[in-house]
Structures are given as C-alpha cells and as structure tokens.
Amino acid sequence: MQPVLLSFLRVVFTAWVALILGGLTPVAQGVLPDEVASLANSVAGWTVPTAALVWWLARSRVEAALGGAVAFVALTLGYSVVSDWRGEHFDPTFWATLGLVAGPVIGLAAHALRSTAREAAVGAGVLAGVLIGEAVYGLTVIADTTSPVFWWICAAAGVVLLGAMCVRLARPGVILLACVTTVALAGAFVVAYRMLGTVGT
C-alpha cells in the first residue's frame, strides 16, 4: 500500500475515533460524578486523547499537525451532533476554528515526544503546560463552581509527564528547556482562557 494512502487512512482513523469521543462528551457531562465532572468540560479531556492518537499513529510532522487539527474539529463536530440529538443546540463554529489552530500544536507536540531530545523537551513542555495551566485555571478562576479533584489530577498528570521526560532526557540543558516550556505554556493557557471567559465548567 502506498505511503500516502496509509497516511490518509491513519488521519481518517484519528478523525473517526475523535468523532466518537466528541459524541460521548455531552453524555459524560450528565453521568460523571461531581469530583471528575470537569473532565467532560475541559481542554485536557480532549487534549489527552488527541495527543495519544497522534503519538500512536502519526509518522511525520505533517501527518501529526493534520491529525491534531482533524481530531479537534472531529471532537467538536461529534459533540455538536450528539448535543443536537439530545435537544441541546451547540454551534461548533468557534471551537472548531480554535481547534484548527490548537490542534496542529498538540499534534506536533505529541509527535515530538518520539523525536530528538530538544524536540521531545518542547513537546513534553507543551503538553504538560496545557495540563498544568488548566489545573491552575480550575483551582483559581473557577474554584467556586467546580470540584478541585479533577484539577489536581490534571496537575499531577502534567507533573508526571514532565518528570518522566526529564528522567528520559537526563541532560540539564534539555531538562531546563522542558521546564521553561511548561511554565510558559501554563501561563499562556491561563491568560488565554481568562480572555475567553469562563467556558463550560
């Protein structure tokens, strides 16, 4: 089978899985216990499966960027379709557009974990920064309306990812790069989310 066709099939598979996960999200919003209910309203809830799919399937940077974008758009469309079926209209335009911007970043970050030390450090920093940044946002900005349990889980996941990558890299300069990227992305996430306003949870 031609490499281009294989690449296309991997991206299509990523889209189908993401579409299903997106469709499950509005259902999960009504059944998850309060302690982890924010999972179904969080950026982390879609970032982690997107990153996992791209890390598993993508074989090039182009494929990773495309897979990340397609996954985020499919997640949003799946959410919209099922929400409409449940009688709760959701316009996917804004979040799908945002996914076209953020999706390639997450995809490239996930793919970078398989690459050189510096690229892996930046990739891990981006993903850990999203998790930790959302945890900070959840524990501060919307602490009065959400359980802290899920946000602490997010923070722990980000720290574990960063720590595991630091152990793997084992080079002071590269470890510093991963840590700086994490802090920068976490800070940028909080600022960007504040600008968007309180969303979901």
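What you see is a predicted model, and the numbers here were worked out from it, not measured in a lab. We use all heavy atoms of the structure for the numbers below, so side chains are in, but hydrogens, waters and symmetry mates are not.
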Going by the salt bridge (charged side-chain N to carboxylate O under 4.0 Å, His left out) test, which pairs reach into residues 86-112, not counting sequence neighbours? none
Would Tyr193 and Val141 count as a side chain to side chain contact (heavy atoms under 4.5 Å, CB included) here? Give the steps. CA-CA 10 Å; Tyr193 230 44; Val141 180; over 6 Å; no
Under the ring pair (Phe, Tyr, Trp, His ring centres under 6.0 Å) rule, collect the residues that match up with Tyr79, sequence neighbours excluded. Phe90
Provide the full list of ring-ring contact (aromatic ring centres under 6.0 Å, His included) pairs with a residue in residues 97-123, sequence neighbours left out, each pair given once. none
Mind listing the closest non-hydrogen atom pair of Gly45 and Ser42 along with its distance? N-OG, 2.9 Å
Check Gly103 against Phe72 and note the closest heavy-atom contact, atom names and distance. CA-CD1, 3.5 Å
Is it possible for you to say whether Val17 and Val48 belong to one hydrophobic cluster, with membership spreading through side-chain heavy-atom contacts below 4.5 Å? no
Taking all heavy atoms of Gly67 and all of Val54, pick out the closest pair and write down the distance. C-CG2, 4.0 Å
Name all residues meeting the side chain to side chain contact (heavy atoms under 4.5 Å, CB included) criterion together with Leu100; count only those two or more places apart in sequence or in a different chain, and write none if there are none. Ala69, Val73
Are Leu161 and Phe189 linked, directly or through intermediate hydrophobic residues, by side-chain heavy-atom contacts shorter than 4.5 Å (ILVMFWY only)? yes
Remaining members of the apolar cluster that contains Val11, side-chain heavy atoms under 4.5 Å: Leu66, Val70
Which atom pair, heavy atoms only, marks the closest approach of Leu169 to Ala121? CD1-CB, 3.8 Å
Pick from Pro148, Ser147, Cys154: which one makes a side chain to side chain contact (heavy atoms under 4.5 Å, CB included) with Phe150? Cys154
In chain order, what residues pass the side chain to side chain contact (heavy atoms under 4.5 Å, CB included) check against Val81, with sequence neighbours excluded? Trp85
According to a 4.5 Å side-chain heavy-atom criterion applied to Ile, Leu, Val, Met, Phe, Trp and Tyr, with indirect links allowed, do Val122 and Leu185 form part of one hydrophobic cluster? yes
Quick one: does Trp152's side chain get under 4.5 Å of Leu139's, heavy atoms only? yes
Kindly state each residue pair satisfying salt bridge (charged side-chain N to carboxylate O under 4.0 Å, His left out) with at least one member in residues 58-77, sequence neighbours excluded. Arg10-Glu63, Arg61-Glu119
The reported gap from CG in Leu53 to CD1 in Ile106 (rounded to nearest 0.5 angstrom) is 13.0 Å
Check whether Ser80 reaches the backbone of Thr76 with its side chain - one donor and one acceptor, N or O, closer than 3.5 Å. no
For Ala40, what residues pass the side chain to side chain contact (heavy atoms under 4.5 Å, CB included) criterion, not counting sequence neighbours? Thr25, Ala28, Gln29, Leu32
OG1/Thr50 to CG/Leu75 distance, rounded to the nearest 0.5 angstrom? 4.5 Å
Report the residues that fulfil side chain to side chain contact (heavy atoms under 4.5 Å, CB included) with Pro172, sequence neighbours left out, ordered by chain and then residue number. none
Roughly how far, to the nearest 0.5 Å, is the CH2 atom of Trp56 from the OG1 atom of Thr14? 8.5 Å
Under 3.5 Å donor-acceptor pairs involving side-chain atoms of residues 125-134, not counting sequence neighbours:
| unit_1 | atom_1 | unit_2 | atom_2 | d |
| --- | --- | --- | --- | --- |
| Glu134 | OE1 | Val43 | N | 3.2 |
| Glu134 | OE1 | Ala44 | N | 2.7 |
| Glu134 | OE2 | Val43 | N | 2.9 |

Could you state whether Val12 and Leu77 fall into the same hydrophobic cluster, counting links through intermediate Ile, Leu, Val, Met, Phe, Trp or Tyr residues with side-chain heavy atoms under 4.5 angstrom apart? yes
Looking at every heavy atom in both Ala124 and Leu113, which two are closest together, and how far apart are they? N-CD2, 3.5 Å
I want to check something: taking the side chain as every heavy atom from C-beta on, are Phe13 and Phe8 in contact at a cut-off of under 4.5 Å? no
Under 3.5 Å, sequence neighbours excluded: what are the donor-acceptor pairs made by side chains of residues 173-183?
| unit_1 | atom_1 | unit_2 | atom_2 | d |
| --- | --- | --- | --- | --- |
| Thr181 | OG1 | Leu177 | O | 2.7 |
| Thr182 | OG1 | Ala178 | O | 2.8 |

Verify same cluster id: Met165, Leu108 (apolar side-chain graph, 4.5 Å): no
Taking atom CZ of Arg168 as the centre, does the number of heavy atoms from other residues, nucleotides or ligands within less than 6.0 Å exceed 12? yes
